[in-house]
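Have a look at the structure below, then the notes.
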Amino acid sequence: MKKTNPAIFALKGTVCFSADQTHLCTYDNAYVICENGRSAGVYPELPEKFHGIPVRDTDGALIIPGLTDLHLHAPQYSFRGMHMDLELLDWLNNVTFPEEARYADLEYARRAYSIFTDDLRKSATTRASVFGTLHTDATELLMDLMEKTGLIAFVGKVNMDRNSPDELREISASASYEATIRWLEDTAGKYQNIYPILTPRFIPSCTDKLMSLLADIQRTYCLPVQSHLSENQGEIAWVKELCPDSAFYGDAYDHFGLFGGEACPTVMAHCVYSSDEEIALLHKRGVFVAHCPQSNTNLSSGIAPVRKYLNEGLHIGLGTDIAGGHSLSMLRAIADAIQVSKLRWRLVDDSLKPLSLEETFYMATMGGGEFFGKVGSFAEGYEFDAVILNDRQLPCPHALTAAERLERLIYLGENDCITGKYVSGNKLF
Ligand code: GUN
Ligand code: FE
């Protein structure tokens, strides 16, 4: 039976959240109130009107908004941390496509996806935008298992009808279209927390005919879209050959109406090599960028100019991109984003300053959270996603500020530091 949460309760501890892109708010020994699944604010003392509500005292632990993983591939979790000696296109052909083909076997899918969802549940991630495979049944199974985690997530059945081996290619655009409709009809109204997202793998995997059919589905079902953009130079050159009429890579999605805009919220992973024209269109269409620093390092893709994207006012969050990235930890993604920005500054372009802790924490909370609505903050009215981080396992001989403790947890925190998690007011643990 589903546990019901109290309509109103408080967490007590050291509360940290972003005021905006460059400022962190911290409150020692404070109360953050959840009322009907939303934050009712942070208070140094419990206000009189809240006296008597249940309080979970974390004994001085850090309480942060839940983290949003804006881009990852569930079927690739099985080979994370392996085969890191290849670049994108060879990695897809030699490692990723053969592994994803195994998800035709539902028993294999159940084993693999159970491991993935168990680990995701224990992580600091509260929201995620997830790729499945092209298989309808395995993707439905993934959605069932994701629902059980208590996270809120978009999950996509992948569409791909060209440039991959027979065992991982839909036989035609119309077969891909029909499988997608079946998936949407099968899962309609089935879940509380899991939502479908249209998932053309990337331009090289999708014929023009498939893209037009997906645009029809997008309009009919009002679905958001996730895909990949300007990740690797070989990939970009290939898209140029495949789409001679497109001015740039993003334009190839835009041509079909699958690149953001009012009715089509879109998240594009990577954007390592987006041209000024592409950046302008990302901005115009309100497309979210999922920056995936660990993946971009492992696959030798490059370093995205995130400082430029922040300056341009793009929507931007962080992704692990499992299994381009090997770690499911969004704390690690924050540290990686800072580290690669320093290398980019030193080695590529000294006019683009490295990212600060405040900026990357913002990206992991409010930046990515915005793809889900009012998510990623404890400001009043935000959905109550919270993670309790206990740093008792990380003793230090001198006193630390809240911001220092957060920084240390980002660099040093492992799963054993994550001692509590709430999603939209629901307690997971
Ligand atoms: N581009 C197309 N498919 C993929 C994928 O699975 N991972 C990454 N990193 N890039 C892609
Ligand atoms: Fe990816």
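Counting convention: from 1, in listed order, for ligands and their atoms alike. Only a predicted model underlies this, so the values are computations on that prediction, with no experimental measurement involved.
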At a 4.0 Å threshold, what atoms of ligand 1 neighbour a non-hydrogen atom of Leu88? 8 (C), 10 (N), 11 (C)
Hey, which atoms in ligand 1 end up nearer than 4.0 Å to a heavy atom of His270? 9 (N)
What's the shortest distance from [atom] to any protein heavy atom, and which residue and atom give it?
atom	result
atom 10 (N) of ligand 1	Glu231 OE1, 2.7 Å
atom 3 (N) of ligand 1	Arg201 NE, 2.9 Å
atom 9 (N) of ligand 1	Asp321 OD2, 2.7 Å

Tell me yes or no: between the side chains of [X] and [Y], is some donor less than 3.5 Å from an acceptor?
X	Y	answer
Thr180	Asn159	yes
Ser300	Glu87	no
Glu278	Ser230	yes
Glu100	Gln76	yes

Give the total of protein N/O/S atoms at a distance below 2.8 Å from the Fe ion (ligand 2). 4
Note: Glu235, heavy atoms under 4.0 Å from ligand 1, region reported as neither
For ligand 1, the portion of Trp91 having any non-hydrogen atom under 4.0 Å away: side chain
Carboxylate-amine/guanidinium proximity below 4.0 Å for Arg182 and Glu185: no
Any Lys/Arg nitrogen of Lys308 or Asp276 sitting under 4.0 Å from an Asp/Glu carboxylate oxygen of the other? yes
Ignoring hydrogens and geometry, is there a side-chain-to-backbone donor-acceptor pair from [X] to [Y] under 3.5 Å?
X	Y	answer
Lys374	Gly381	no
Asp161	Thr207	yes
Thr125	Arg121	no

